[in-house]
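Written below as structure tokens is the structure these notes are about.
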Amino acid sequence: MKQTPPERSGKTDREPDQESDSLYVKHKKVYPREVHGLFARLRTTGVILLLGLYYGLPWLRWDDRQAVLLDLPNRQFHIFGLTFWPQDFFYFAMLLILAGISLFFFTALAGRLWCGYACPQTVWTEVFLWIERKIEGTRSQQMKLDKADLSRNKVYKKTLKHTVWIVFSAFTGFTFVGYFTPMDVLWHSLISLEMGPWESFWIIFYSLATYGNAGWLREQVCIYMCPYARFQSAMFDNDTLIISYDEQRGEPRGSRNKSVNPKELGIGDCIDCNLCVQVCPTGIDIRDGLQYQCIGCAACIDVCNQVMDKMQYPKSLISYTTEHEIQGKKTKLLRPRIVIYAAILSLVFVALVVAIYNRVPVELDIIRDRNSLFREIKGGLVENIYNLRIANMSTEKQRYQIQASGIEGMQLINKTGDFEVSAGEVYNLNVQLQLDPVILKRPSSQVFFTLQSLTGEKISITEKARFIGPVIR
Amino acid sequence: MADHPRRRRSDIPTTQRIIAVLWPSFLTAGIATALFFTSFNPEEISLCMGADKPISNVGAYTIGFFLFWLLTSSTCALTCYFQRPCIQSEQSTKNP
């Protein structure tokens, strides 16, 4: 005996669809209506800039290599003139901190700016929607096509749309892999059909991910998958710019003649055209208030302003505003939260730039021999053995020299002498420090090893170590 | 025959259920892969495991990632399973 579904006030995917048998609760497709306006133009500009950057960067060259290359197998990240090694993970951590703080900063300022204008999900979905619109037509045409029976026209349009989507996804996947495998090698292997199995696999994987996320899931990524969506409201305060419907001005809503003064009829400025609902990519009604699903794309603002213009009412029935403004209070821009975020942001950014600029492209690790505290050798001298690891993090072969200091009269025994290390190589060197125990003041003394490059640039680093020996009284 | 519903009406959509298992596991598998292969060299691992020819780096990362993803999605799936209420409400077991 089948249970009849209870009545539900419709929000997109909650209404049980009796026609579907595969899904218990079927998702209803959202058809965002095409929108034009200031914010739509801003978003399109963003899409062009960001996608231009994404598809263009892997093709740029620097010296004789790709400018931006995240060479995972060789564990080097090349970003134009800079090369980062695993030891440089600290900078990556700082970059993540920078990204996090700027997220808090911009969200506190103006809400979900990232979501509406810059997020890859939004950017790629916009392109996919544009392709869909070009092939299947306007919103009402798309809805009609989906409801229609299978026909030659429908099969043709759907096939064409998915083919274009898949080709674009493949191009996207190919570009993504091009950030990790040099593009010239990748491109050559593609046209000669000699691509390695793993590269092929990842291209297909990323292509499918693009196709699935931008073609099928769309707003469901924002609603179900995005962690930012869940906690973004915690970063809002009463002075954050949010998209809001002016309820006081708009209500009660109702259609009316253009020539009539709404105040005479006792109705608000909202003509209940529902265009704000139709353009919404997540399918909400902004007149119900700011909701979790709203990605801040401002399509509703654009379309409502157009309607207001046609009705010759003032604009901004739906607009970017703040809670304080809605309550009639003044909006404070430079509040403590903003100032503190901005200060931390500047500090971390400057620290990162300075740290990278002052980076010494060599690393010296000193491991004292653990087998014995010290050794007594011929002539009554005392010796400590050290294993030095030198990592050449520059892009050229270097010739290094090692020196020791810290105790007067101490001698460095280095049987290897000066040595060469190739770029990216880690070199092992065993040295000893010898001294007459008479001069020792303490059982454990601090010593220093200085590594200096003899090839051209002034690369030098000094690290601490300890010398252990018997104190003779 | 009593109609025993697999899910209650107030549950989350199917898409969200699938995402709840596959997406967090994807993220943690990515992190695990990065951390694991920073410490261990894939060539050494494949030779230790008795392969004649050492596996390529990208191949190792790929297999390692998907093994991690399998593991983490099992964890997520188990968590989702254990989140089901143990005690059924009266309404769902009553014959309508």
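No experiment lies behind these values; they were computed from the predicted model shown. Convention: sequence-line order gives letters A, B, ...; per-chain numbering from 1. Just the heavy atoms: all of them, side chains too, but no hydrogens, waters or symmetry mates, feed the values below.
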TODO: Could you walk me through whether Val58(B) and Trp202(A) pass side chain to side chain contact (heavy atoms under 4.5 Å, CB included), step by step?
DONE: CA-CA 10 Å; Val58(B) 186; Trp202(A) 283 108; 4.2 Å; yes
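For the residue pair Ile19(B) and Gln220(A), the shortest heavy atom distance occurs at CD1-O, 4.5 Å.
Heavy atoms of other residues, nucleotides or ligands lying less than 6.0 angstrom from CZ of Phe92(A) number 12 at most. In this structure, Arg389(A) places its CZ atom where only 12 or fewer heavy-atom neighbours from other residues, nucleotides or ligands lie under 6.0 Å away. Within 6.0 Å of the CZ atom in Phe231(A), the count of heavy atoms belonging to other residues, nucleotides or ligands exceeds 12. More than 12 heavy-atom neighbours from other residues, nucleotides or ligands sit within 6.0 angstrom of CH2 on Trp59(A).
Of the two parts of Phe201(A), only the side chain, counted from C-beta on, holds a non-hydrogen atom closer than 4.5 Å to a non-hydrogen atom of chain B.
A distance-only check finds a donor-acceptor pair linking the side chain of Trp23(B) to the backbone of Met225(A) [under 3.5 Å].
Phe180(A) has its ring centre no less than 6.0 Å from the ring centre of Tyr61(B).
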